[in-house]
Amino acid sequence: MFENLKAPPADKILALMQMFREDPRENKVDLGVGVYKNAEGVTPVMRAVKAAEQQIWEEQGSKSYVGLAGDPAYSAAMIQLILGDTVARENIAAVATPGGTGAVRQAFELVRNTNPDARVFVSDPTWPNHVSILKYLNMETVTYRYFDRETRGVNFDGMIEDLKTAKTGDVVLLHGCCHNPTGANLNEVQWREVIALINAQGLIPMVDIAYQGFGDGLEEDAMGVRLVASSCPEVLIAASCSKNFGIYRERTGLLLAVSQDANAQALHQGNLNFLNRQNYSFPPDHGARIVSTIMNDDALRGDWAAELEETRLGMLGLRQQLAGDLQRLTGSDRFAFLAQHRGMFSLLGTTPDLVEKMRVDNGIYMVGDSRMNIAGLNKQSVPILAQAIVDAGV
């Protein structure tokens, strides 16, 4: 059997990381890896996370399984964080998942099981794993225009025009905030127009929210997903705690199925539980326990929110510094979009050839599509990147 195995496609980001490690230059800059790093290049453990783990260590008396859906306290805490009071709790089914990726995978499987003919509309571009998972599941994928490479903002007219081709039962995948990889987000007016189109055409919205708190703030970043959940008959929501709690390796995610029909909640919950059972039985608990411990302790929650805000403002400051340096070097505002984007990523909107030129000439490592991780910068490396962008003629 093993003789028939074929090599999977090479992971471009992993290859880029290897090249970075082997580069001997002292001023090299890694903007490719998709994790948050502080000014020292470290992905830190948050203060509240350390305190919560200490509390769990002291108080936890068993490592037995939790239920198929995970710890109810975790689901309740995350539902409140994501949706606030915009949707009644009895209208929501929820299961813990291994990371946000697990939530995305479970959501796609639910779609495939209930409507095998459904197409999934994804933004162009989107997080590559969205498309990879859909392809693996043999689900039809349709792209809709999203990023305007001239303005480096949202091509909203193109987005609406493409979504109008969707048919009843098709799924529209939306990024809740801090769009990956572009950093360009919908505003409230645009969210409402998308929702009106979804409802008019009988589409199913699926929101992937992986960066809540990294953009404009915890409440502000939830605006889009809350509008969708409170306005559409049925909604799928995939959430991740990797970034805003900094617990990447604990693989802590959540899948929500929201319906305006409270009588259907038990059926939806049963189906989500069934999916968990088929894929990995009981979801991991340590990360979920950290989150629920923090969210149910006023002091820990306050400290977590304060540190998260420091992280957000730090990335925003780097964006503003980079846009300012480029304005000074070029004498134009054509890079002002960098300060307007939100989250960890921005799409520079240049060619793979110029990305390669910056790597060879200046030791700037970013993905070939020109996605760069703003959190890979610090105050000292911003001028290096700005000069590289100018030297390359981006």
Side-chain angles (χ1 to χ4, degrees), residues 75 78-84 86-87 91-95 97 99-111 118-127 129-131 133-134 141-144 146 154 156 159-160 163 166 169-188 190-199 201-216 218-244 253-260 268 272 342-343:
S75 295
M78 286 296 292
I79 289 169
Q80 182 62 36
L81 179 66
I82 298 165
L83 296 177
T86 56
V87 179
N91 289 36
I92 306 170
V95 287
T97 60
T101 304
V104 168
R105 171 63 182 265
Q106 297 292 67
F108 287 159
E109 289 212 28
L110 182 69
V111 171
R119 300 175 298 170
V120 180
F121 280 66
V122 301
S123 64
D124 180 19
T126 191
W127 180 45
N129 221 19
H130 286 150
V131 179
I133 295 171
L134 287 165
T141 306
V142 182
T143 60
Y144 60 82
Y146 187 84
V154 178
F156 190 66
M159 176 182 182
I160 291 297
L163 290 182
D170 284 344
V171 174
V172 179
L173 178 58
L174 301 162
H175 295 228
C177 63
C178 306
H179 186 274
N180 180 3
T182 71
N185 292 328
L186 300 175
N187 60 39
E188 183 175 346
Q190 291 169 333
W191 272 107
R192 292 185 183 277
E193 187 170 340
V194 169
I195 290 168
L197 185 153
I198 284 172
N199 288 340
Q201 296 186 207
L203 311 179
I204 308 298
M206 174 178 163
V207 182
D208 186 355
I209 182 163
Y211 300 94
Q212 186 179 354
F214 268 33
D216 291 308
L218 282 167
E219 292 297 304
E220 293 84 353
D221 290 347
M223 178 268 296
V225 68
R226 291 178 182 181
L227 284 175
V228 173
S230 61
S231 305
C232 298
E234 298 177 349
V235 183
L236 291 170
I237 301 168
S240 170
C241 299
S242 294
K243 288 80 178 177
N244 52 10
L254 187 77
L255 174 61
L256 303 177
V258 182
S259 170
Q260 300 304 324
H268 300 161
L272 295 186
R342 289 295 182 267

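These numbers come from the heavy atoms of this one structure, side chains and all, not from hydrogens, waters or symmetry mates.
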- Nearest heavy-atom pair of R192 and L227: which atoms, and what distance? NH2-CD2, 3.4 Å
- Identified side-chain hydrogen bond (donor to acceptor under 3.5 Å, both in side chains) partner of H175 from the options N185, T182, T126: T126
- Message: Classify the ring geometry of F214 against Y211: parallel below 30°, tilted from 30° to 60°, perpendicular beyond 60°.
- Response: tilted
- With side chains defined as the heavy atoms from C-beta onward, is the minimum distance between V171 and F108 less than 4.5 Å? no
- Check: L256 and M78 side chains under 4.5 Å, non-hydrogen atoms: no
- Within the side chain of D208, is there an N or O that forms a donor-acceptor pair under 3.5 Å with the backbone of V104? no
- Task: Measure up the H179 and Y146 rings against each other and bin them: parallel (under 30°), tilted (30 to 60°), perpendicular (over 60°).
- Result: parallel
- Query: What is the minimum heavy-atom distance between S230 and V87, and which atoms define it?
  - Reply: N-CG2, 4.2 Å
- Task: Mark yes or no for whether R226, through its side chain, and I82, through its backbone, hold a donor-acceptor pair below 3.5 Å.
- Result: yes
- Note on the structure: The reported gap from CG in L163 to CD1 in I198 (rounded to nearest 0.5 angstrom) is 7.0 Å
- Note on the structure: The reported gap from CG in L174 to CD1 in I195 (rounded to nearest 0.5 angstrom) is 8.5 Å
- Task: List the atom of A118, the atom of G169, and the distance in Å for their closest heavy-atom pair.
- Result: CB-O, 3.5 Å
- Task: Applying side chain to side chain contact (heavy atoms under 4.5 Å, CB included), run through V111 and L236 and close with a yes or a no.
- Result: CA-CA 10 Å; V111 171; L236 291 170; 3.8 Å; yes
- Got a donor-acceptor contact below 3.5 angstrom from the S231 side chain to the V228 backbone? no
- Task: Heavy atoms only: give me the nearest T86-L83 pair and the separation to one decimal.
- Result: OG1-O, 2.6 Å
- Message: Within the 4.5 Å heavy-atom criterion, are V131 and T143 side-chain neighbours or not?
- Response: no
- Query: Should V122 and L134 be marked as a side chain to side chain contact (heavy atoms under 4.5 Å, CB included) after you check the CA-CA gap, both sets of side-chain angles, and the distance that decides it?
  - Reply: CA-CA 10 Å; V122 301; L134 287 165; 4.0 Å; yes
- Check the pair V120 / I133 against side chain to side chain contact (heavy atoms under 4.5 Å, CB included), numbers first and verdict last. CA-CA 11 Å; V120 180; I133 295 171; over 6 Å; no
- Atom CE of M206 and atom NE2 of H130: how far apart are they, to the nearest 0.5 Å? 6.0 Å
- Closest non-hydrogen atoms of A229 and V258, given as atom of the first, atom of the second and distance, are O-CG1, 4.0 Å
- Message: Given 3.5 Å as the limit, does a donor-acceptor pair link the side chain of Q106 with the main chain of T101, or not?
- Response: no
- Taking the side chain from Q190 and the backbone from F156, do they hold a donor-acceptor pair closer than 3.5 Å? no
- Query: Once you round to the nearest 0.5 Å, how far does CD of E234 lie from CG of L203?
  - Reply: 12.0 Å
- Message: Could you check whether any side-chain N or O of N180 sits under 3.5 Å from a backbone N or O of W127, counting only pairs where one atom can act as donor and the other as acceptor?
- Response: no
- For C232 against N199, the heavy-atom pair lying closest together: SG-OD1, 3.5 Å
- Message: Test side chain to side chain contact (heavy atoms under 4.5 Å, CB included) on L173 and S123; report intermediate values, then the result.
- Response: CA-CA 7 Å; L173 178 58; S123 64; over 6 Å; no
- Query: Is the backbone N or O of S259 less than 3.5 Å from a side-chain atom of N91, with the two atoms forming a donor-acceptor pair by type?
  - Reply: yes
- Could you state the interatomic distance from CG (L254) to OG (S75), rounded to the nearest 0.5 Å? 5.0 Å
- Any side-chain heavy atom of V142 within less than 4.5 Å of one from D170? no
